[in-house]
Amino acid sequence: MAALAGLLYAWNIASSGLAPYYSVAARSMTESWKAFLFTAYDPAATITLDKIGGFLWPQALSARLFGFHDWALTLPQCVEGVVSVLVMYRVVRRWQGPATGLLAAGLLTLTPVTASMFGHAIPDAALFMCLLLAVDRYQVAVGGARLRSLVWAGVWVGVAFQAKMMQAWLIVPALAIGYLVTAPVTLRTRIGHLLTSGVVLFAVSLSWVLLMTFTPKDVRPYADGSTNNSAWSMVFEYNGFSRPAESGPGGPGGAGGPGGTGGPSGAGKPGGPAGADGKSATTGAANTPTSGTNKPPTGPTTGPATGPAKNPTTGPANPSPHHRKMVSLGSEKNTWYKLVTSRFTPQIGWLYPLALIGLVHGLLLRRRRPRTDRLRGGHLMWGTWLLTTTVVLSVVDIPHTAYVAGLAPALAALAAAGAVTLWRVHRAAAGRPARLLLPLTLLAEAAWASFVASGHPDFAPWLVPLIAAAALIAVPGLLSYGRATGRRLRPLAVTSLAATCLAMFAAPAAWSLSVLDERYAGSSFEAHAGPGGQSAGGGAPGSAVYGGAGGASYDMSQAPLTAAQKRLLDYVRRHNGNAKYTLSADGGWARSRAITHTGLPILPLGGFAGMATSVTLAEYRHLVASGQLRFALLNPAVAAGGGAPASETAKINAWVRSACTKIDPKAYAATPADPSLPEPLYRCSPTPTTP
């Protein structure tokens with residue numbers, strides 16, 4: 001299973017693409033250890049990401065070791081995926097035995113969203129692995145009431161917090177309830193252990209926030225996502241409690257939900273009225289979201305010529321009535337039943353019936369056991385994880401399918417336990433009504449999988465007939481043979497078991513294995529296996545420019561720099577003297593692709609969502625006066641006035657226009673009207689004239 005996982009995740013690693021926004025920070029973190037520590041957006045560590053960027057630490061280290069390539073950034077995710085599969089096997093094996101552990105590892109490997117997620121540089125991969133490692137330590141702790149193991153579980157949750165902030169805490173109720181109910185010690189001791197582990201958990205979780213808080217503001221980067229340079233505000237307001245109440249998705253890291261990262265809509269509120277993934281509903285190379293501050297998509301807006309056309313918002317270009325029906329259930333709305341819509345179900349929901357039946361059956365089967373029964377305790381922990389994550393994801397925005405990957409471990413564990421337990425009960429219940437449980441579960445699972453697969457009739461058209469044929473073979477076989485004896489099952493039992501597995505697991509396996517085809521592998525922006533998603537390229541079209549707050553624009557493409565852009569940078573470096581910054585930029589290619597492909601210390605003005613003021617006008621003038629900054633690229637869309645978050649950048653632009661000298665494009669461009677250089681370049685004197 002680990003080898004299969006490694007194959008799926010690394011198959012397209014050479015073309016996995018660069019993630020928008022995050023790849024800029026990853027490059028910056030390879031240029032400066034200060035930028036690495038503070039997860040800064042720019043190499044000079046002027047401003048952070050709009051979230052804790054701990055998920056980028058493995059990527060930045062990999063890029064330092066192997067050089068800055070898209071495959072070097074994706075490699076840590078592939079490793080994290082294989083580790084997750086191995087840990088999943090170990091955890092479930094301890095709980096239910098090796099057969100169940102192997103099946104759980106296989107189901108986790110063949111969950112479509114994880115097959116795509118671990119093959120791209122997506123933040124949720126690190127979170128996923130850390131939470132499974134936390135469960136691994138918890139399981140050791142709960143079996144023998146071992147405080148040290150429980151503390152280590154808290155440490156892993158804290159490390160997961162550095163990757164996805166509050167989303168990591170969704171597992172805490174499951175671990176706390178499981179330990180409080182099941183650990184074989186007195187109630188007082190259990191409570192003491194939980195409190196001790198909780199202190200460690202919060203200490204590790206808040207370590208980066210405390211680092212930002214107690215480091216003097218003049219020697220650390222500005223906390224993006226906040227209006228007061230506060231890491232607390234960035235983590236718990238912008239990325240936390242302000243998310244659930246809003247509707248409308250955001251951008252690359254997500255707006256809405258714990259650990260979300262999409263920019264606010266309008267006046268600093270999360271979300272926006274774009275498409276289901278924070279994308280513009282229109283097609284073309286230069287989509288502009290209707291909300292000026294949502295982070296834009298980076299995958300192509302149409303599918304490749306060799307595959308079915310893809311709509312990055314809701315699925316196929318020509319959706320079937322089934323697809324439209326499921327979309328109408330709320331895949332683009334903040335509805336509690338969004339997890340059973342066409343957007344998420346094919347990525348995570350194939351095993352919903354089996355997992356739920358397995359959970360209920362397991363709890364009922366062990367209901368009379370002692371409090372410390374490990375099998376019932378496992379069902380309680382996994383069930384609480386599933387319930388907590390489901391409730392939270394149902395009430396918050398889900399801008400990217402990678403968010404729902406948090407359901408995968410619980411679904412895989414419960415589905416595997418349910419399948420193995422039902423098989424064993426079926427074999428032992430000759431002549432009793434309990435023998436009907438497995439055939440009925442098989443029929444429910446096959447019907448659900450056929451319904452979901454029928455929404456994509458052009459993708460693997462053989463899938464529904466295969467499921468139906470397998471069910472028709474399995475059900476009569478399961479009902480016809482008596483209790484098997486001996487170590488070798490009867491041929492009928494083997495045939496029935498094989499057909500049962502085929503009917504239950506063929507659909508998710510087919511969707512997951514489709515990532516071996518680049519057309520169906522997803523992208524560094526969106527974890528999505530199978531049809532209806534984005535291609536694996538990961539980068540937006542070269543001309544993709546998206547509107548930002550206060551008129552700022554952000555080129556989120558990671559296409560190579562054009563010849564004209566390289567000439568401009570060469571011109572600046574030749575005339576820059578010993579300035580600290582190459583130039584300042586308030587948007588466009590210079591603050592994204594220029595950093596990504598050159599690592600130059602470019603000063604970004606403002607944060608991504610337009611809320612942050614990385615430098616004030618007074619600070620900017622000081623940089624110019626002291627010779628630390630000599631050149632500025634201005635975005636023509638930013639004008640004086642505007643909303644309060646953007647006004648400081650507008651003031652800087654107005655000052656540069658009046659106090660600095662505009663450079664004739666002929667000095668650095670082959671043609672004065674080169675479309676790849678829309679921003680005018682200004683040179684500022686170290687002793688500028690006050691306007």
Side-chain angles (χ1 to χ4, degrees), residues 87-105 108 130-158 169-201 354-390 409-425 428-429 434 437:
V87 174
M88 188 74 191
Y89 168 73
R90 184 166 72 173
V91 166
V92 178
R93 182 196 63 193
R94 285 200 201 108
W95 175 42
Q96 291 271 1
T100 310
L102 186 63
L103 182 57
L108 187 69
C130 290
L131 293 185
L132 276 173
L133 288 169
V135 172
D136 178 65
R137 292 299 87 199
Y138 155 83
Q139 196 177 56
V140 173
V142 75
R146 299 177 183 177
L147 176 60
R148 185 169 69 174
S149 296
L150 191 63
V151 167
W152 272 110
V155 169
W156 279 116
V157 175
W169 288 353
L170 295 184
I171 197 177
V172 173
L175 303 185
I177 292 174
Y179 193 86
L180 189 64
V181 172
T182 312
V185 286
T186 64
L187 178 60
R188 181 176 180 178
T189 303
R190 279 176 271 154
I191 293 175
H193 286 182
L194 286 173
L195 291 176
T196 303
S197 179
V199 170
V200 174
L201 184 155
L354 179 58
L356 292 176
I357 292 172
L359 172 61
V360 174
H361 181 250
L363 290 174
L364 291 177
L365 200 64
R366 314 292 296 188
R367 66 186 182 277
R368 300 184 186 278
R369 298 289 179 173
R371 176 184 63 82
T372 57
D373 181 64
R374 65 178 181 85
L375 296 180
R376 186 180 62 184
H379 280 96
L380 180 62
M381 188 276 292
W382 291 114
T384 305
W385 182 347
L386 182 63
L387 176 63
T388 303
T389 306
T390 299
L411 288 172
L414 292 172
V420 173
T421 301
L422 287 171
W423 170 252
R424 290 170 177 167
V425 168
L437 286 176

Check whether any side-chain N or O of R376 sits under 3.5 Å from a backbone N or O of R369 as a donor-acceptor pair, and report yes or no. yes
I'd like to know whether L102 forms a side chain to side chain contact (heavy atoms under 4.5 Å, CB included) with V92, so could you lay out the CA-CA distance, the side-chain angles of the two residues, the decisive distance to 0.1 Å, and finally the verdict. CA-CA 8 Å; L102 186 63; V92 178; over 6 Å; no
Close side-chain approach of L375 and Q96, heavy atoms under 4.5 Å: yes
Could you check whether any side-chain N or O of S197 sits under 3.5 Å from a backbone N or O of L150, counting only pairs where one atom can act as donor and the other as acceptor? yes
So which heavy atom on V425 is nearest to which on A434, and how close? CG1-CB, 4.0 Å
Give a yes or no answer on whether the side chain of R137 reaches the backbone of R148 with a donor-acceptor pair at less than 3.5 Å. no
Working to the nearest 0.5 Å, report the span between OG1 of T390 and CG of L170. 10.0 Å
Mind checking the OG1-CD1 spacing from T388 to I177? Nearest 0.5 Å is all I need. 6.5 Å
Excluding sequence neighbours, so at least two apart, what forms side chain to side chain donor-acceptor pair (under 3.5 Å) with H193? Y179
By side chain to side chain donor-acceptor pair (under 3.5 Å), which residues pair with W385, not counting sequence neighbours? T389
Under the salt bridge (Lys or Arg N to Asp or Glu O under 4.0 Å) test, which residues partner R374, sequence neighbours left out? none
If you compare all heavy atoms of Y89 against all heavy atoms of A105, which two are closest, and at what distance to 0.1 Å? CB-CB, 3.9 Å
Return the CE to CG distance between M381 and L414, rounded to the nearest 0.5 Å. 8.5 Å
Heavy atoms, side chains only, cut-off 4.5 Å: are H379 and L365 in contact? no
Minimum-distance pair of heavy atoms, taken over all atoms of R190 and V185: NE-O, 2.9 Å
Can you tell me if CZ on R371 sees more than 12 non-hydrogen neighbours from other groups inside 6.0 Å? yes
Between V360 and L356, is any pair of side-chain heavy atoms under 4.5 Å apart? no
Identify the two heavy atoms, one from V140 and one from S149, that lie closest to each other, and give their separation to 0.1 Å. CG1-OG, 3.4 Å
Under the side chain to side chain donor-acceptor pair (under 3.5 Å) test, which residues partner W152, sequence neighbours left out? none
Could you pull out all residues at least two apart from V87 that satisfy side chain to side chain contact (heavy atoms under 4.5 Å, CB included)? V83, V91, L132, L133, D136
In Å, rounded to the nearest 0.5 Å, how long is the span from CG of L411 to CG of L359? 10.5 Å
Among R366, R368, R367, whose salt bridge (charged side-chain N to carboxylate O under 4.0 Å, His left out) with D373 holds? R366
Evaluate the criterion side chain to side chain contact (heavy atoms under 4.5 Å, CB included) for residue pair L131 and V135; output intermediate values, then yes/no. CA-CA 6 Å; L131 293 185; V135 172; 5.8 Å; no
What are the two closest non-hydrogen atoms of V157 and A134, and how far apart are they? CG2-CB, 3.7 Å
For T189, enumerate each residue passing the side chain to side chain donor-acceptor pair (under 3.5 Å) test, keeping only those at least two apart in sequence or located in another chain. T186
Separation between CG (L187) and CD1 (I191), nearest 0.5 Å, reads 4.0 Å
Determine the minimum heavy-atom distance between W95 and A413, stating which atoms define it. CZ3-O, 3.8 Å
To the nearest 0.5 Å, what is the distance between CG (L194) and CG (L147)? 9.5 Å
